[in-house]
Amino acid sequence: MISLLKNEWIKLWTKKQPWIFVILIVVITVGISFLYQALESNMGSGNQSGDWQVGLEMEIESDQELMNSSDAEAWDRDMAEMRVEQNQAYLEAGVNPNAVTNISFLNDTFLMAASFITLFSVIVASTVVSSELNTGTIKQLLIRPFERWQFLLSKFIIVVLFSLILIVILFVTMLLMGTILFETASWGSAVLEWGAEGNFVAPGHELIFSKLGLYTLNMLVFVIISFCISTLFKSQALAVGVGIFTLFFTNISQPFGMLLENKAWYKFIILPHLSLPEYARQGTLIEGVTLPFSLMIIAVYCIILMTITTVYFQKKDIAY
Amino acid sequence: MEDFVLEVEGLTKTVKGNKKIVNEMSFQMKRGEILGLLGPNGAGKTTTIRMLVGLIGKTAGKVVINGKNLDVEGQRCKEDIGAIVENPAFYEHISGFKNLQQYARMARQNITTDRLNEVVQLVKLEHAIHDKVKTYSLGMKQRLGVAQAIIHKPAVLILDEPTNGLDPQGIRDLRDYLKVLAKEGTSTLVSSHLLSEMQLMCDRVVIMERGKVIDVTEVSNISNGSDSDNKSVLIAVTVAEGQSLDLVLDGASSNYELMKTNGNVVTIKLAHDKIPELNRFLVKKGIDVFGIEIVKTTLEDRFLQVTNLANEG
Ligand SMILES: Nc1ncnc2c1ncn2[C@@H]1O[C@H](COP(=O)(O)OP(=O)(O)OP(=O)(O)O)[C@@H](O)[C@H]1O
Ligand SMILES: [Mg+2]
């Protein structure tokens, strides 16, 4: 089994594709960093000095006036009240909502950059079995003294390892760029997060590492889906297609979610759960659906898919 | 009991439409033997080989490799097999040597670089082994295929059409190293539809057609002109111009069978020990005989003969 892993590892890196993906990840991260810097310096120009607290206090004051004034709509008054609460929270936590540090940068952009990793992982996962099925090299593997599932498993492990390496590269590059371009803050420094239930402030490392963990799980699901589909249908194109479609769908699924949310079956299909990183900033994805439930649904789907694939591959007639 | 390294019994493959593309194949391979699997295109040679190496499942039958049942000890069986199935496929973007290293790592025993070099030398690929496989010719890939198959010194070597794409020198080399391997204890099953090659390469030949074994012959018998079953031979009798044996032989004896008349050369089939008797008979009948010669049947004649029989039957 170790020898199979070694073989797969060597085969992976003798191709050009993974190197291109590694380089792209670095390039994309650097690009995003500069873009972020440009946007921030445009927006936050007025609020950069040390008197941000004064600014916030002024905002609170004017909002309070609005709340007490009788000609304002009820709606306006509610908004003002919310803003006051929030600004008071910033003051209490000592967080400048407009200050950019390496930690807030990481928290803001990590998921965006990481979506490229999902894309690249889907491509690699779709190729790893189907390419050997298409060129016929698979037959020289399957006549060697190993069980077929061992070949599948070794390929799968290498793909996952590759994705993890991309994540590490992305993370390190981001941290480096953030530290170079923005202020340096401690891991625990409070950052501002936009949640579905309003903005809130939380320690940076809590947000960042829960995003990192949830993202990794989420990506793993995409890897499993494309790996299995490419093996079952012998088609790399189909697997990449399904992977990208799923990825795309989960990004635009919010409106569907609103429409279908109250259908009982909606929470039992896998699609709405494939936005796991959302749990970093909100407790539920759709009403009543929490992280443990999502993980359970995903696990059930993945186990079924992987079992079907393994059983099918064990028995399949390889005729080339 | 004889020492068989491969025993196949009732091997059958049924595909969609209840079609039997391999139908109750049975044959044995002796240790140290080079056994040919001969049959026309579509006979089922590749299908048989795929079942032997476990690439496709068998519908029925039993396969014993080196004393181990393929169904019971699949992995142990594979340890003892090296194979090329149809055209060998390689990782084109890496060198031949790196390809061999991949296969070496999958062997149960440790394979040294020395062993790799030895195999490369045996198949005469030294000059190109560090080039990428995509630059190889068909024949070079075939050689690399053989190298890949013998790297772990398997007890049973299975080669599907290994001469495909090889030049005459390459075929000769293959023949030579199969003999070397046979001496080292490797038994080889080699499939082909090229009869002349099989004749030179193999000790015995299993002839198959439409999924069935129709004959198993010793190659040495074929080149002696004798039939493995009844020891009958074909002889060519040259007679004087204008004389005909048709009438003379007609009903003379059931021992002689007139096969064909070609000018003044008549081909007769009879038992080997009946040749002197036929000679005396012709003399008595006043036939002028210029020569009697045993015809060396080639495998090709044999092949056409048995496949015709199978077609008629
Ligand atoms: N999966 C399959 N489904 C249906 N028929 C098949 C299948 N695989 C092979 N056959 C048929 O079985 C027959 C035997 O094929 P096989 O490849 O074993 O022949 P072969 O003896 O190796 O021929 P060749 O000399 O051309 O290599 C052919 O007629 C082929 O069409
Ligand atoms: Mg064939």
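So you know, we letter chains A, B, ... as the sequences are listed, proteins then strands, and number each from 1. Hydrogens, waters and symmetry mates are skipped; everything else that's a heavy atom, side chains included, is used.
- Put simply, of A:Ile2, A:Asn7, A:Thr137, the one with the most heavy-atom pairs under 4.5 Å next to chain B is A:Asn7.
- By the 6.0 Å and 45° rule, A:Arg144 does not stack over the aromatic ring of A:Phe151.
- One finds no salt bridge joining B:Lys62 and B:Asp71 here, because no Lys/Arg side-chain nitrogen approaches an Asp/Glu carboxylate oxygen to under 4.0 Å.
- With a threshold of 4.5 angstrom between heavy atoms, B:Ile94 approaches chain A through side-chain atoms but not through N, CA, C or O.
- Contacts with chain B were tallied for A:Glu147, A:Lys11, A:Arg148; A:Lys11 has the most, counting heavy-atom pairs under 4.5 Å.
- Ion pairing between B:Lys13 and A:Asp317 holds under the 4.0 Å rule for side-chain N and carboxylate O.
- With a 4.5 Å cut-off on side-chain heavy atoms, B:Ile84 and A:Gln140 do not count as touching.
- Heavy atoms closer than 4.5 Å to chain B are found in the side chain of A:Gln150, but not in its backbone.
- The candidate from B:Glu92, B:Gln102, B:His152 with the greatest count of non-hydrogen atom pairs under 4.5 Å with chain A is B:Gln102.
- Ranked by heavy-atom pairs under 4.5 Å with chain A, the first of B:Glu79, B:His93, B:Arg76 is B:His93.
- The choice from B:Leu55, B:Ile81, B:Asn99 that makes the most heavy-atom pairs within less than 4.5 Å of chain A is B:Leu55.
- Looking at heavy atoms from C-beta onward, A:Leu12 lies in side-chain contact with A:Val124 at the 4.5 angstrom threshold.
- When each of A:Phe162, A:Phe21, A:Phe222 is checked for a ring-ring contact (aromatic ring centres under 6.0 Å, His included) with A:Phe120, only A:Phe21 meets the rule.
- Proximity of B:Phe4 to B:Phe27: side-chain heavy atoms (C-beta onward) are nowhere separated by under 4.5 Å.
- If you measure heavy-atom distances from A:Leu142 to chain B, the contacts under 4.5 Å come from both the backbone and the side chain.
- Of the two parts of B:Gln148, only the side chain, counted from C-beta on, holds a non-hydrogen atom closer than 4.5 Å to a non-hydrogen atom of chain A.
- In this structure, no portion of A:Lys16 lies under 4.5 Å from any heavy atom of chain B.
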